[in-house]
Asks: 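Quick one: structure below, then a few questions.
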Amino acid sequence: KAGVTQTPRYLIKTRGQQVTLSCSPISGHRSVSWYQQTPGQGLQFLFEYFSETQRNKGNFPGRFSGRQFSNSRSEMNVSTLELGDSALYLCASSLDGTGNTQYFGPGTRLTVL
Amino acid sequence: GQNIDQPTEMTATEGAIVQINCTYQTSGFNGLFWYQQHAGEAPTFLSYNVLDGLEEKGRFSSFLSRSKGYSYLLLKELQMKDSASYLCAVYDGNNRKLIWGLGTSLAVNP
């Protein structure tokens with residue numbers, strides 16, 4: 001079974017721009033969670049999608065948004081980028097998100113200049 | 001509140017045994033996970049405990065005590081490739097969220 005894939009792997013943007021990241025979960029997994037990881041901050045939960053619905057949300061501003069498609073693929077969008085948005089963005093998939101093991105993609109490293 | 005505590009850093013010697021502790025306080029408990037994360041890479045799943053006791057998986061074992069809100073990850077016969085960050089996470093079933101610790105950075109020296 002193929003693992004979780006994320007595209008692109010690396011991105012360089014400038015302040016004020018917007019960015020869209022993509023995640024394809026493991027086949028059969030319907031829950032996708034997104035995390036931001038920066039040095040010293042650990043994994044910060046952004047949101048979780050299940051069956052095309054946002055089921056849970058972390059404490060991030062509205063500039064961070066996401067969606068999930070009928071094939072469980074998910075995208076997240078960050079608008080009006082700030083320098084502090086530079087981070088590793090990870091997505092993780094699980095069967096249904098109710099405490100099942102989460103499997104992570106390789107991440108997208110975003111650098112905002 | 002919800003909180004997970006792990007030591008920030010640990011150092012050990014190749015071939016030795018190391019124990020990484022994790023204590024947690026969550027409103028609901030439905031399982032505890034350990035992940036390994038090498039620098040610049042994504043976390044990879046190591047173990048899952050939902051009942052009290054020890055789960056052994058090769059060189060790695062994980063222990064859980066729900067009454068004490070405590071878990072540890074035991075790594076035996078340490079190898080240089082075990083140098084990584086080890087993340088403890090608890091699934092809070094009340095809020096349907098996975099709560100993450102900040103991770104323990106383990107350095108294995110020759």
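Residue numbers begin at 1 in each chain, while the letters A, B, ... track the order of the sequences. Owing to the predicted nature of the structure, the values given are computational and were not obtained by experimental measurement.
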Asks: As a quick check of understanding, evaluate side-chain contact (heavy atoms from CB on, under 4.5 Å) for B/W100 and A/F45, giving each step before the final call.
Replies: CA-CA 9 Å; B/W100 292 86; A/F45 173 71; 5.8 Å; no
Asks: Is it true that atom CZ of A/R15 has more than 12 heavy atoms of other residues, nucleotides or ligands lying nearer than 6.0 Å?
Replies: no
Asks: Quick check against the 3.5 Å criterion: does A/Y103 have a side-chain atom that pairs as donor or acceptor with the backbone of B/T44?
Replies: no
Asks: Taking all atoms of both residues into account, what is the closest heavy-atom pair of B/L102 and A/Q41, and its distance?
Replies: CD2-O, 3.5 Å
Asks: What's the separation between atom CD in B/E41 and atom CZ in A/F104, rounded to the nearest 0.5 Å?
Replies: 13.5 Å
Asks: Which pair of heavy atoms, one from B/K97 and one from A/K57, lies closest together, and at what distance?
Replies: NZ-O, 3.7 Å
Asks: What heavy-atom pair brings A/P106 and B/A42 nearest, and what distance separates the two atoms?
Replies: CA-CB, 4.1 Å
Asks: Which pair of heavy atoms, one from B/Y35 and one from A/T101, lies closest together, and at what distance?
Replies: OH-CG2, 3.8 Å
Asks: Among B/I99, B/L87, B/L98, who wins on heavy-atom pairs under 4.5 Å with chain A?
Replies: B/L98
Asks: Please classify the contact of B/N95 with chain A as side chain, backbone, both or neither, using a heavy-atom distance under 4.5 Å.
Replies: backbone
Asks: Closest approach of B/Q37 and A/L90, non-hydrogen atoms and distance?
Replies: NE2-CD1, 4.4 Å
Asks: Around A/N71, counting heavy atoms of other residues, nucleotides and ligands shown, do more than 12 lie under 6.0 Å from its CG?
Replies: yes
